[in-house]
Amino acid sequence: MSIPQLLPTFKLPVQLGNLTTPWNCRLRELSKQRQYPQALTLYIHMLRSSFSPNTFTFPFLLKSCAHLFLPFTGSQLHAHVIRTGTQPDPYIRTSLVSMYSKFSLLNNARKVFDEFPYWQNITICYNAMISGYTFNSKVREGFVLFHRMREEGVEVNSVTMLGLVSGCTVPEDLTIGVCLHGFGVKFGFYGDLSVVNSLLTMYVKCGEVELARKLFDGMGERDLITWNAMISGYAQNGHARQVLELYREMKLAKMRPDPVTLLGVVSSCANLGAQSIGREVERQIHCCGFSSNTFLTNALINMYARCGNLVRAHAIFDCMAEKNVISWTAIIGGYGIHGHAEIAVGLFDEMVESGIRPDKTVFVTVLSACSHAGLTDKGLEYFDAMEVKYGLKPGPEHYSCLVDLLGRAGRLKEAMDLIKSMKVKPDGAVWGALLSACKIHKNVELAELAFEHVIKLEPTNIGYYVLLSNIYSDAENLEGVLKVRVMMRERKLRKDPGCSYVEYKGKVHLFYCGDRSHLQTEEIYRMLDKLESLVKEIHAPAEKYQGRSEGVLNTGVHSEKLAIAFGLLNTTSGTEITVMKNLRICGDCHLFIKLVSKIVNRQFVVRDATRFHHFRDGACSCKDYW
DNA sequence: ATAGGGTTAG
């Protein structure tokens, strides 16, 4: 076949696009309106009316199969294309390549792509194949094809760029991403906002928020997507403060927020424990008419739950017309965090009854709720049900919850056996959970074993060294303590001191472990002494508590205890106290806090600030945000 | 053929 012979096929769709049969016109309409099932039904009618499909028919049908994820129908259509002897023009082939890519059948896609001599592959074919690679997270292959495309002199357009850039999603892809950035600048794609936006997103996904911000600052023109990409980029990387700052700037620039924007803002409020700002944003959500957006409502439930306002969280949850697994996860997790495992478990059952299939994430939430409240057997039950009843294979994240569950209950041997029986490779968190259980139950021997494993998997995680060191010091094993210190020094690991902070009257009050530098130190320590003795009075040992072990009371002067004592001294009843804490694994004051909460009838929220950058930025206050 | 989105323990 020579080039001249093919030329008519190339031109056909453009010239005769409007002159095709009514069938094809209707098909195009349906495809435009994304009514894919209707499009396929129409095809059946077409065949029944003995209309034979032509070049214009197939792309719409293939696209419909791709969107509906119907691999079987799709390959039947492919066979049909061959059978009808339809000239497979670039448009059909592009559709085939893109459809097979959506089904992750890259070999089939590549076969269609390779079947014809290279000069038949025009830009759209390349684009489809390149996007196919990146869609299946094979950026490298996509990049190779991009090079070939250029060598063969095929025109590169914005879609080529978008396909490639959007495939760079992990730090390892950054080299390619930067290369593409350079290419874009050199060949004039910088004027195309969609390309620059995708570059911005690429930097964000690779964790390079600063580079993303640099690009953002240098942009002459910004649209809603630009702002959203930057805002959610900050939100996903834990820079909650920058999210709020940027949101304010956005409003100053007279750019109207949409649900995606507000989503980033709400989830940042959840991570900051900033309920007052969250309330403000909720009002805006109602004003803008986004109240029925499921994404946003889920984020709001999560925000209120994390800020300790379970009443509001539950009220929003109840009002939702369509609750999905994520809505349930948010509310269950909310009760779990605050130690109400019975309610959490009850909600889980209710969810199943309402016909929603639990997923892996909701099981993580339920298991951890059980573990915090000492519902050991209930947790084990759920773990079994997960695979037997719901066919979900437990991952390392579930095993770590279960090890934590057994470990807190003092069932260390069972926890160890569980790890040995795991079908998946245990990760750092699994061994880490065992290590912290050893801390609670003072088991030095097992701790050493767990430490050996955990350190191989996460050699730079400082928390585990600290944990082992504390275990040694509890056992008065000075040699052990020194050994760990030497290891830390050799590996040049410096420990950020553990600290907690409370926001009070727009100022941040920061406490270190055993800290005596606060102005109210005397009062705080008196309060803490009182709390310690009250807690000891009501703390029931395991045997008195129907076999439920609530864990061991921690007697050290931990930073979160100081923060709580400070909060109690300075705030009135009825307000909840949010304590932010920078280290996760160190002192586990969970039980202490829970009991104090019972005694004084106050809500406490201890938020993990490890992932967030307050401490690097220097502590900041709510007033700075707004 | 195509840039932005909610949940999760340790």
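Order of the sequence lines fixes the chain letters, A, B, ..., with proteins taken first and strands second; residue numbering starts at 1 for each chain. Note that these values count all heavy atoms, side chains included, but never hydrogens, waters or copies made by symmetry.
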*For Asn461(A) and dG10(B), is the shortest distance between a side-chain N/O and OP1 or OP2 below 4.0 Å?*
no
_From C-beta outward on Ser194(A), which listed nucleotide comes closest to its side chain: dT7(B), dA3(B), dG5(B)?_
dA3(B)
*asked:* Looking only at the side chain of Val260(A) (C-beta and beyond, no hydrogens), which of the listed nucleotides dG6(B), dG4(B), dT2(B) gets closest?
replied: dG4(B)
*Geometric cation-pi criterion Arg222(A) and Phe216(A), 6.0 Å radius, 45° cone*: yes
*With a 4.0 Å cut-off on heavy atoms, is Thr294(A) in touch with a base, just the backbone sugar-phosphate, or nothing at all?*
base
*Leu224(A) has a side chain; which of dA1(B), dT2(B), dG4(B) sits nearest to it?*
dG4(B)
*His181(A) and ring-ring contact (aromatic ring centres under 6.0 Å, His included): which partner among Phe187(A), Tyr203(A), Phe189(A)?*
Tyr203(A)
*OP1 or OP2 of dG4(B) less than 4.0 angstrom from a side-chain nitrogen or oxygen of Gln236(A), does that happen here?*
no
*asked:* As a test of reading the structure: which of dA3(B), dG10(B), dA1(B) is closest to the side chain of Asn127(A), going by heavy atoms?
replied: dA1(B)
*Can you tell me if the side-chain N/O atoms of Arg306(A) get under 4.0 Å from OP1 or OP2 in dT7(B)?*
no
_Stacked cation flag Lys63(A) on Tyr36(A), 6.0 angstrom / 45 deg_ = no
*Trp431(A) CH2 to dA9(B) C1': how many Å, rounded?*
18 Å
_Test your reading of the model: is there a side-chain donor-acceptor pair from His441(A) to the backbone of Gly410(A), 3.5 Å cut-off?_
yes
_Presence of Asn298(A) side-chain N/O under 4.0 Å of dT7(B) phosphate oxygens OP1/OP2_ = no
*asked:* Rounded to whole Å, how long is the line connecting atom NZ of Lys323(A) with atom C1' of dT7(B)?
replied: 16 Å
*asked:* Side chain of Ala229(A) only, heavy atoms from C-beta on: which candidate in dG4(B), dT7(B), dA1(B) is closest?
replied: dG4(B)
*Does the side chain of Arg150(A) come under 3.5 Å of the side chain of Tyr126(A) through a donor N or O and an acceptor N or O?*
no
*Where the side chain of Thr329(A) is defined as all heavy atoms beyond and including C-beta, which of dA9(B), dT7(B), dA3(B) is the nearest nucleotide?*
dT7(B)
*No-hydrogen, no-angle side-chain donor-acceptor test under 3.5 Å, Arg213(A) and Tyr234(A)*: yes
*Euclidean distance, atom CG of residue Asn293(A) to atom C1' of dG6(B) [Å, nearest integer]*: 9 Å
*How many Å lie between CG on Leu367(A) and C1' on dA9(B), as a whole number?*
9 Å
*Pick base, sugar-phosphate or nothing for Thr361(A), based on heavy-atom distances below 4.0 Å to the nucleic acid.*
base
*Would the number of heavy atoms belonging to other residues, nucleotides or ligands and lying under 6.0 Å from CD of Gln33(A) be above 12?*
yes
_Protein-nucleotide distance (Tyr464(A), atom OH; dG10(B), atom C1'), rounded to Å_ = 6 Å
*Can you check whether His372(A) has a side-chain N or O nearer than 4.0 Å to OP1 or OP2 of dG10(B)?*
yes
*Hey, is the side chain of Lys205(A) poking within less than 4.0 Å of OP1 or OP2 on dG4(B), counting only N and O atoms?*
yes
*Could you work out which one of dT7(B), dG6(B), dA9(B) sits closest to the side chain of Leu263(A)?*
dG6(B)
*How close or far is atom P of dT2(B) from atom CE of Met129(A), stated in whole angstroms?*
13 Å
_Gap between atoms CG and P, on Leu418(A) and dA9(B) respectively (whole Å)_ = 19 Å
*Which of these nucleotides, dA3(B), dA1(B), dT7(B), is closest to any side-chain atom of Thr201(A)?*
dA3(B)
*Proximity to the side chain of Val364(A) - top-ranked nucleotide from dA1(B), dG4(B), dA9(B)*: dA9(B)
_On the nucleotide dA1(B), are OP1 or OP2 found under 4.0 Å from the side-chain N or O atoms that Thr94(A) carries?_
no
*Counting just side-chain N and O atoms, does Arg222(A) come under 4.0 Å of either OP1 or OP2 of dG4(B)?*
no
_Between dG4(B) and Asn197(A), counting only base atoms on the nucleotide and side-chain atoms on the residue, is there a donor-acceptor pair under 3.5 Å?_
no
*Given atom CG of Asp359(A) and atom P of dG6(B), what is their separation to the nearest angstrom?*
15 Å
*Residue Ser436(A), side-chain atoms from C-beta onward, closest of dA3(B), dG10(B), dT7(B)*: dG10(B)
